Structure formats: C-alpha cells, structure tokens
Amino acid sequence: MKKAILFLSLQFCILALTAQVNTDRVMAIGRNALYFEDYVLSIQYFNQVIKAKPWMAEPYFYRAVAKINLDDYQGAEEDCTLCLSRNAFWGQAYYARGIARQSLGKYDLAIEDYTRGLELRPNDRAMMTNRSIAFIQNKDTENAEIAFNELIKSYPKHSFGYLTRAAMYVEKGDTVNALSDYDKAIEIDPYYAPCYGNRAILLYQTGRLKEALSDLNEAIRLNTRESGYYINRGLVRYQMNDLRGAMADYDQVIDMDRDNLIARFNRGLLRFQVGDNNRAIEDFSVVIEQEPDNYMAYYNRALLNYEVGDYANSIKDFDVVLNQYPNFLPGYYSRSEAKRKLNDQAGADRDYWTAIRMEEKMNSGQRPNVASNTNNANPDDVDDENKTREQSDKNIAKFNRLVVYDKEEERNQKYQSDIRGRIQDRNVRIDMEPSFILTYYEREREVQVNTFYDRSVEDFNARMVLSWKLIITNHEAALIEDQIAAHFASINNYSAKIEKDPNNADYYFGRGLDYMLVQDFAEAIHNFDKVIEINPSYTLAYFNRAAVRYKQMEYTSSSTNSQNNDLTLMNIQLNGSQSISQAPKSQQRINEPKDTQRAHEHEQIIRDYTLVIQQNPGFIYSYYNRGNILCFQRDFRAAINDYNEAILRNPEFAEAYFNRGLAYLSLGNATSGIADLSKAGELGLLNAYSIIKRMTTRD
C-alpha cells in the first residue's frame, strides 16, 4: 500500500504542479475516470486537485459522487459539506449530500438538503422523488403525501411517482389508494416490471391470489432475470396449493443463483412435503453451509435425517437446535425418538421426561427458564393463519413455514434503487452491447457469453513486448489501487525506455495502454499517434486509438449535454403503433452529430476502424465497433452491413446479433430484429429475451 501511495503521489504531482492548466487537466482526467465508473482512480485524481487547490469546491463534489458509488456515505457527506462551505449555491451538492444522509438514516437532514437543493433547482425530479421517499422513511406520511402530490403534479407521466406513493399508502394501510396508484403506474408504463411486481405483493397480502399470480406472470414476462418475482410467485402458488408450480419457481431461482437461500429453504420444505427427502436434505445443507446459524434449517434437516434413517446425524442437528432453543418441546420429543432408534434408551428417556416436565410447567401456567439469547419456541404461541414467516423471524416453532422477504427488505426494494438514481438505467433503458477495446482487465459477467479471440492479438502477445497479456473485451474492469500504482509505474518505465530508444513503437503502444487505463485519454491518443507515425502498419494501435477517441468523445458529450440525459436515438416500434424510445448508456450521452467538429470526430474513428479492416480483414471487432458508431449516427443500414460482416466471420458472435437486432427494430423491421435478438439470447445474452417480450403484444 505504501508503494501504491508513493507511485500515485509521484505521478499526480507531475500532473498537478502549480500551473492552472495542469490542475484543470488532472480535474478533467478525474471526471473521465468518474464517468467511466473507475471510482477508486477518480478519487486519487480529485485528492491531488484538493491538495493543490483546497479552496476549490468542484473536486470535493466529484469526490463525494465517487464515494457514494463506493457506498462510503459518511465520506461523501463530509465532502459535500466541504464543497458547500466553499460554494453554498451548488445545487447538485445538496442532492448528493441528501443521498448520503438518506443512506445513513439521517432523514431529517436529507430532507433539509433536498429542500435547499430544490430552491436552487426547482422541480428537479430526482430531488423531489428522494425527498418524498425520505419523508416515508422518517415516518412522516403526512408530508410524504404532500411531497408525492407535488411530484406527480409536476411529472404526471412519470410512473415512479405513482409507484412510490402507492408504497406509502400500503404502509398507511390504505389499500384502496395504493391499488389506484399501482393501476395508474401500469397505465403510464405497461412495460415496467416493478409496477406489476409491487402490485402483486399487495394483492397477495389482501388474499387476491389469482390477481397476484397474474401480475407476477406479467412481471416475469417483462423481466425474466429478477429472482424476487419467482420467489413471490412460488409463495402465491403454494397458497393456491400448486406445489408443482411453486417448486418450478424455486428451481428457476436456484438455476439463476444457486446460493439464493430463500429459494433453497423454501424448496427444501416443498421437497419435504412431497417426500423427496434426500434432495430436501441437500437444499437445507446448502442453507446451513451459507448460514451456520440458521436453526430452522438444522431442525428440518434433523427431521429429514430421521426420515431417511440417518439417526446419528439427525441427533447432531437436534443438538445444535436445542443448544440454541432449550425450551423447544418438539425438539426433545423428536431427539428422544432418534436416540431410541439407536438403542440409547437412557438418552431417549432423559429427553422424553425433560419434555414432559416442561410441558407440565407450561400447562400449570409456568414458563421454563430460557437463555436470554433465545427466541420464543412454544408452538402454542404461533398463529396458524399464515403459512409464511419473514426471513428475520427466528421463532423455531415456525420451522416449517415458507420464507418471505422482511418488510424492511421490501422497503429497500421499493425505495433504495431510486435514491441512488439508477432505476431508469436498470429497468427502462434499452442498452446496445458496448464496443470492444484492447486492454488487460475484464469485468466479470453474470453469464460468460463468449471467449473473445483474434489470432493477431495472440501473435502480438507471443512477442511478449508488454508487461501484461493483452485481451479483447467489451466489459472493461475498473482498476483497484494496486493496479493504479502498477500502471503509473509502468508509464515511468516506458518513458525511460523511450528516452533511450525513441523509435520503438511497442514502447509507445504500451505507454498508450497505461494512459488509457488511468483515463488520461489525450496522452493515450498522443502515444497511439506516435506508434502509427513510427509504424503505419501497427494495426492494434489504430484499433485502440479509435476506441479511446470514442471514449473521449463520449465523455465530452456527457459534459456539454449534462442537462439532456433523456435524449434518445433509437425509436423501436412496438406492434406498429407504440414505441420504446431508449438508447444505450453510451449512446444516450451522444447527440446526433450536428456540427462540423462532431462529424469530424466520427470520421476519424470510422477511418481508423476502416484502416484496421484494410490491414486485417479478419479482425471482426472493427466491423462491430464501426457498426456501433454508425448506429450512433443513425445510419442503421450501414451498421447492419458491418454487423453482417462480423457475423459472417463468426456465426457465434452474440453481441453482433444483439446490436443488429436493435438496428433492424429501429428501421421498423420487427421480424428480423426479433430473430436476431432470439439468436443473441440463444448464445447467452439473456437480456435479449426481456426486449423480445417488450416487443410482443400484451394479453
């Protein structure tokens, strides 16, 4: 760590000496890193600006934003306060501090921040929404209702306002108004799965099981990867005595996430009920492995081990439960029977008479002494009206009940995502698959779709001219501190080598990669320029220069159009009449080129990809990346031609099918678009299925 800090200090001091232009440059690079979600790196840059010019408000604000994204809410709160002490009129700083305080449970202070922020930025939807939620979290439903009414009046076509106000009505016990708001949210946005998922919970709680089932079916149709919908549908099906359907839902959740403990526990109970004892034991064993203090799972496994004749392990599990719950009568009776099966008559009698004496005391109105760290374990105290228990309910007498999410967990699901301001990104926007780049690190993916390969890259790696292995990916990973330090050290090493051998293109290429990884795009491009100047046939330098130019353009556009984040490019037709007008993350931040400078930037990027194709026609990622740029220019037919070329060379190129499908849909060709999305889904891009469902007429 000391070495890491030393390397960073040396490099940043070089960049941020005393000259104004250098400080501005470090600030710009930090914002680059922040924009591309490289939060640890961005903080290091902002630290250097603060050290050089501690009177500036801006670096404190952006460092706070990075800390919020790293869940360092206390640090973010402090940075926002430092920002506002330097500039009390920075509206977004009040918003950021409100998020930090809200996440820390300081609801009164968060409300104050949002109120002050709204004075500076009237009718800011995000602040209005968060303030409304903060009122609910502060148990102030009266002001929450007023705040939601203001939000809905200002944004009557925004479904999330109705959705969160409905959650407030649920907490007040006003199911009539809650259902009315859920209905309105669905009317506004019938393609937003949480509208149906949240309404289903209310319908389930009010006993309207068939309607709840219908809503959960629709939520799953719209979002096939949300495990919570399957868990809730399993509960509904169980209440409707559809054990087979409930089992299928828990199977689906476990297929998506084998360590989902709610699904594992519930499936174990269902398997127990239908006599599938050995596989039920497997499920409870997984739960116990992940949660060693889950005594409900121990007790169920003890009963199952007894059923399959494994009396020794049954007794071991009973021991664990009774050590924690020494007044649990059924445990003594059950352990007594297991000991009797092993011919331990003395132990069996001891457990039996212990249970009898405890039962006599309870019948006479006494309670057995219990350890202070145990919960009630008397079956007589358990109501029989409900077949479920909350996850946090540790009453061992409810060992055979299906688990539901805690009420607090439900609140988090309803509110927390919008507090962080990402709900539209995750559930509404249609994202194209990103462009590819040559780098050293790749972000882990939920499903590994493909191993990206090119012979020229393998041949380059075989030369061993770089310190790390070069890979092709479109899912870059943010650097950790050790990696940041390593790449600044690598910049120094390459600089020393270049001083000795200024005509070595590989040294410039390696240094360009390092600058790219630390988000210094200007220097990265300068180094790739130098590579090409020395060796005009250096194909990989053209490819990465284009990729970095696009990153630089993307960031610049986000800065100049920060007030236009809802701009969209693709207009995908639904059933000939409706449309989803959404764009990829990167695409949303880039307007259609209207001026000469933007057109020139696009032309430079396309020229580089074209040169790569001329030098290496088999390098499929250049066709794909060029297709993405053409999509951003709304030249969908030309983009489709490039995706065709990529697919021709690799018929398993899932990302090319996916983006070609969106391009076809943008041209109104639903048949070809859905066919391509289907192929992309088949090849592992699972969100393709969600888009296909949104293209289909709802029943």
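Because the structure is predicted, anything quoted here is derived from the model rather than measured. Quick note: numbers below take in every heavy atom, side chains included, and nothing from hydrogens, waters or symmetry partners.
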Would you sort out whether Leu677 and Leu665 count as a side chain to side chain contact (heavy atoms under 4.5 Å, CB included), showing the intermediate values? CA-CA 10 Å; Leu677 290 171; Leu665 290 171; 3.7 Å; yes
Decide yes or no on side chain to side chain donor-acceptor pair (under 3.5 Å) for Asn628 and Ser435, but give the supporting numbers first. CA-CA 7 Å; Asn628 283 0; Ser435 295; 3.0 Å; yes
Using the side chain to side chain contact (heavy atoms under 4.5 Å, CB included) rule, take Ile99 and Tyr114 through it: C-alpha gap first, then chi angles, then the decisive distance, then the call. CA-CA 9 Å; Ile99 291 173; Tyr114 294 137; 3.7 Å; yes
Could you go through the side chain to side chain donor-acceptor pair (under 3.5 Å) check for Arg221 and Tyr196 one step at a time? CA-CA 10 Å; Arg221 189 181 77 82; Tyr196 299 95; over 6 Å; no
Trace of the side chain to side chain donor-acceptor pair (under 3.5 Å) decision for Tyr162 with Asp183: CA-CA 9 Å; Tyr162 292 97; Asp183 293 344; over 6 Å; no
I would like to know whether Glu58 and Arg63 meet salt bridge (charged side-chain N to carboxylate O under 4.0 Å, His left out); could you show each step before the answer? CA-CA 9 Å; Glu58 187 179 15; Arg63 190 171 70 177; over 6 Å; no
Quick one, Ser456 with Phe543, criterion side chain to side chain contact (heavy atoms under 4.5 Å, CB included). Give me CA distance, side-chain angles, the key distance, then yes/no. CA-CA 12 Å; Ser456 64; Phe543 183 79; over 6 Å; no
I would like to know whether Asn669 and Ser672 meet side chain to side chain donor-acceptor pair (under 3.5 Å); could you show each step before the answer? CA-CA 6 Å; Asn669 187 344; Ser672 296; 3.1 Å; yes
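Ring planes of Phe460 and Phe509: perpendicular class, angle over 60° (limits at 30 and 60°).
Both tests pass for Arg125 against the ring of Tyr155: distance under 6.0 Å to the centre and angle within 45° of the axis. A cation-pi geometry, defined here as NZ or CZ lying under 6.0 Å from the six-membered ring centre and within 45° of its normal, does not hold between Lys469 and Tyr440.
Nearest heavy atoms, Ala524 versus Gly512: CB-O, 3.5 Å. Tyr94 and Leu120 make their closest contact through CE1-CD1, 3.6 Å (heavy atoms, listed as atom of the first residue, atom of the second, distance). Closest heavy-atom contact between Leu517 and Leu41: O-CD2, 3.7 Å. Between Cys80 and Ala64 the shortest heavy-atom distance is SG-CB, 3.5 Å.
Side chains of Asn32 and Gln552 form no contact here, defined as non-hydrogen atoms less than 4.5 Å apart. Side-chain contact between Asp514 and Trp468: present, with at least one pair of heavy atoms (C-beta onward) separated by less than 4.5 Å. At least one side-chain heavy atom of Met27 sits under 4.5 Å from a side-chain heavy atom of Tyr62. Between Glu476 and Glu37 there is no side-chain heavy-atom pair separated by less than 4.5 Å. By the 4.5 Å heavy-atom criterion applied to side chains, Tyr542 and Pro536 are counted as neighbours. Taking 4.5 Å as the limit, some side-chain heavy atom of Leu151 sits within range of a side-chain heavy atom of Thr129. Using a 4.5 Å heavy-atom threshold, the side chains of Ile613 and Thr610 count as separate. Contact check for Val531 versus Leu540: no side-chain heavy atoms found under the 4.5 Å cut-off.
Side-chain N or O atoms of Glu226 include one that pairs as donor or acceptor with a backbone N or O of Gly228 at under 3.5 Å. One N or O on the side chain of Asn461 and one on the backbone of Leu470 form a donor-acceptor pair closer than 3.5 Å. A donor-acceptor contact shorter than 3.5 Å links the side chain of Asp38 to the backbone of Leu479. Side-chain N or O atoms of Gln483 include one that pairs as donor or acceptor with a backbone N or O of Ile480 at under 3.5 Å. A donor-acceptor pair is defined here as one N or O able to donate and one able to accept, closer than 3.5 Å; no such pair exists between the side chain of Asp124 and the backbone of Leu118. For the pair Asn69 (side chain) and Val65 (backbone), a donor-acceptor distance under 3.5 Å is present. Judged by distance alone, the side chain of Asn544 and the main-chain N or O of Leu438 form a donor-acceptor pair under 3.5 Å. Side-chain N or O atoms of Arg649 include one that pairs as donor or acceptor with a backbone N or O of Pro617 at under 3.5 Å. Using modelled atom types, no side-chain atom of Tyr229 and backbone atom of Glu218 make a donor-acceptor pair closer than 3.5 Å. Panel note: side chain Ser132, backbone Met128; a donor-acceptor pair is recorded below 3.5 Å.
The local environment of CZ in Phe89 is sparse, with at most 12 non-hydrogen atoms from other residues, nucleotides or ligands closer than 6.0 Å.
Checked against salt bridge (charged side-chain N to carboxylate O under 4.0 Å, His left out), Arg626 has the following partners two or more places apart in sequence or in another chain: Asp642. Listed by chain and residue number, Phe61 satisfy the ring-ring contact (aromatic ring centres under 6.0 Å, His included) test with Trp90 (two or more places apart in sequence, or in another chain). Evaluation of the side-chain hydrogen bond (donor to acceptor under 3.5 Å, both in side chains) rule for Glu150 yields Arg131 as partners, not counting sequence neighbours.
Taking the six-membered ring for Trp and the full ring otherwise, the centers of Tyr60 and Phe46 sit at least 6.0 Å from each other. Aromatic pair His526/Phe521: ring centres not closer than 6.0 Å.
A donor-acceptor contact under 3.5 angstrom links the side chains of Thr539 and Gln615, judged on distance only. Using modelled atom types and a 3.5 Å distance limit, the side chains of Asp676 and Tyr657 yield no donor-acceptor pair. In the model, Gln519 has no side-chain atom that pairs as donor or acceptor with a side-chain atom of Tyr35 under 3.5 Å. One side chain, Asp506 or Tyr538, offers a donor N or O that lies under 3.5 Å from an acceptor on the other.
Comment: Glu458 does not engage Arg455 in a salt bridge, judged by the lack of any side-chain N to carboxylate O separation of less than 4.0 angstrom. In summary, Lys157 and Asp189 do not engage in a salt bridge, as defined by a charged side-chain N under 4.0 Å from a carboxylate O.
Tyr624 pairs in a ring pair (Phe, Tyr, Trp, His ring centres under 6.0 Å) with only one of the listed residues (Phe658, Phe452, Phe619, Phe653), which is Phe653.
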